Amino acid sequence: MSGASVRIRSEFVPFSGGHEHNNPVLPANRSGLFYKSGSGSNPKTLTTDSTGTAVVDSFRASQIAGKFLITAYLASDSTMKDTVNLNVRVPPLFDFATIQTNFWGLTGNTGLTTYSGCPNTPIRHSSNHWGTQAMADALQVVLIRFLQWGGTQDGGGRFLKLDLNDMSLETGGVFDICSTWDLDRGHSLHRIGASVDIDNRRRDFETGQILPGGLKIHPDSARFNRWGEQLEEYMNDHGGFRCPEGPIHFGFGGN
Amino acid sequence: MKRSIGFLTSLCFCLSQLSISQTLPHFSHVSAYARVERIESSSMMLYSYDVTNDIGNTGTIRRFLIDISRRTSSFSPDTIGLPFFDSFRELSFRLMYPFVVSKIIPVGFPILPAHWDASITVSLMARFSADTLRPEPGQGVGLQMVSKWPPTIRKFIVVPVFDVGAYFPSMEDSNAVPIAQMDSIREAINYNGWTLGPASIDSPFVAINFLDTIKSYVNESLTLNWITTQATANKYTALIDSAKTNLAATPTRRGTAKAKLDSVIVNVYPDSAAGLLTSEAYALLRFNTEYVLTKLREEDSELQEEGETKPR
């Protein structure tokens, strides 16, 4: 059938991609855009050609990773349709939480957010420690070196344990810390498994006790104290560089 | 003894797009003089660096890095016997080494000044850094590392104290400063120059090719003002060329080739004392010539042994 009006749309499959929230729902304009003749929209209305075919020029995937349902239907009769699943994701990431160890702690997966943009909001990304294999390998060595350095005279003579907060979600993409599908608020980075947040505290390895001072000269300051600077040295040795996002954020050659 | 590699253009570009209330650190000049000695007990090379933050700079030195990368075609070095300041630094090295095992010349850090740390990095550098008492403008520090390999010309990088948290607005509420731009500034404030570090020597060893390498050191040393006169450079070039010619001729002239190389070693002492060679040029010429002579003598011994065991 030629000359028929056909619509194609992309919808996010709720609770996929590590997003344990669906209120509000992901808006259509953030669920991917179909392009035809230079303009993009979702849904997109097309007209079938003489062979009865309607083709988009391109599709720009959502910045939110997860499962999407692509539906094409007749504009005049939405029951005349077909669907296809689409997985939007970054290349496979490694779940840092699967490493069983007492050398570091993992946080940020339960309770309430501390982010000033949405304080005390329930955390709805419980699987939050995914990263590239390269970052995971590097982080383990950095954390062990820092722990050992803490035990030296320079490090204060107490073996130090750090807590790792958000990395990336399992399939990557936007990590909307406030669970509101914001693309650039909160964690504007943390998209490709190359980011890690470190809690601003040091813990005694043996007792687990939080030691005074953290990693910054003052909790409200952005500046590192000597412990923070030493951590930065070890991160730098492994190609991890500090970025002013969140309390303490390091990126490993990407975001 | 360094050549500045400027990033001023990119620095100016980035600054024009940022409103930073604080002045960025700026190194107009950092001196890094290198000396190399052989440790008699182990035959390893001790590399010593005198790093000085010039009085006209506005930054404090946080890190000093030296390129220790190696080509894949080079000899696979081992780490046996490398000395470390303490067991923690050795552990740190051993934890890092698997990440770069095929890409660096391993180095040990036998002595560290108070409050200084050292490590190898995945950027294929040897890294020295201080957590307190960092060299302010006008101050300096002496640093050392050990390698089994003779010297070559290597890049060094001096990184100032630069806390991104103090210079850039938080990206939490908006992606205010693109990461690439921030990285560009982080790069632009570093000071880059040339010094000595352990060489990556191709395997299998070919003496004639290695003599070309030593010749290139003469040329580059002249450019870097490590050899202070053209006449001095010409003298060493002539000796090395002569050694090369003799080596390429019949085996009976290997002795002459070795004698020419011995002349290089004999000459570097007085030329260094006379100020015609800096410590860098002295080390490049002496230890690389000694290296090739050692290899030639090893080859001679092997040839002799083969001759003796050959059935008549």
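These figures come from a predicted structure and were not determined experimentally.
Of the two parts of L65(B), neither the backbone nor the side chain holds a non-hydrogen atom closer than 4.5 Å to a non-hydrogen atom of chain A. Looking at D137(A), the atoms closer than 4.5 Å to chain B (heavy atoms on both sides) sit in the backbone and in the side chain alike. In this structure, chain B has a heavy atom under 4.5 Å from the side chain of R226(A), while its backbone stays farther away.
The line from CG of D131(B) to CD of E232(A) is 12.5 Å long, rounded to the nearest 0.5 Å. Of the inter-residue distances, the one linking D86(B) atom CG with T152(A) atom OG1 reads 7.5 Å to the nearest 0.5 angstrom.
For the residue pair N236(A) and R127(B), no side-chain donor N or O sits within less than 3.5 Å of a side-chain acceptor on the partner.
Looking only at distances, no side-chain donor or acceptor of D237(A) sits under 3.5 Å from a matching main-chain atom of V122(B).
Highest contact tally toward chain A, considering only L95(B), T132(B), V161(B), is held by L95(B) [criterion: heavy-atom pairs under 4.5 Å].
A salt bridge does not link D183(B) to R242(A): none of the charged side-chain nitrogens sits closer than 4.0 Å to a carboxylate oxygen.
Two residues are said to be in side-chain contact when any heavy atoms from C-beta on lie closer than 4.5 Å; S119(B) and R145(A) meet this criterion. A heavy-atom distance below 4.5 Å is not found between the side chains of Y234(A) and T121(B).
Surrounding CZ of R60(A) are at most 12 heavy atoms belonging to other residues, nucleotides or ligands under 6.0 Å away.
In terms of heavy-atom proximity, E229(A) sits nearest to R62(B) at O-NH2, 3.0 Å.
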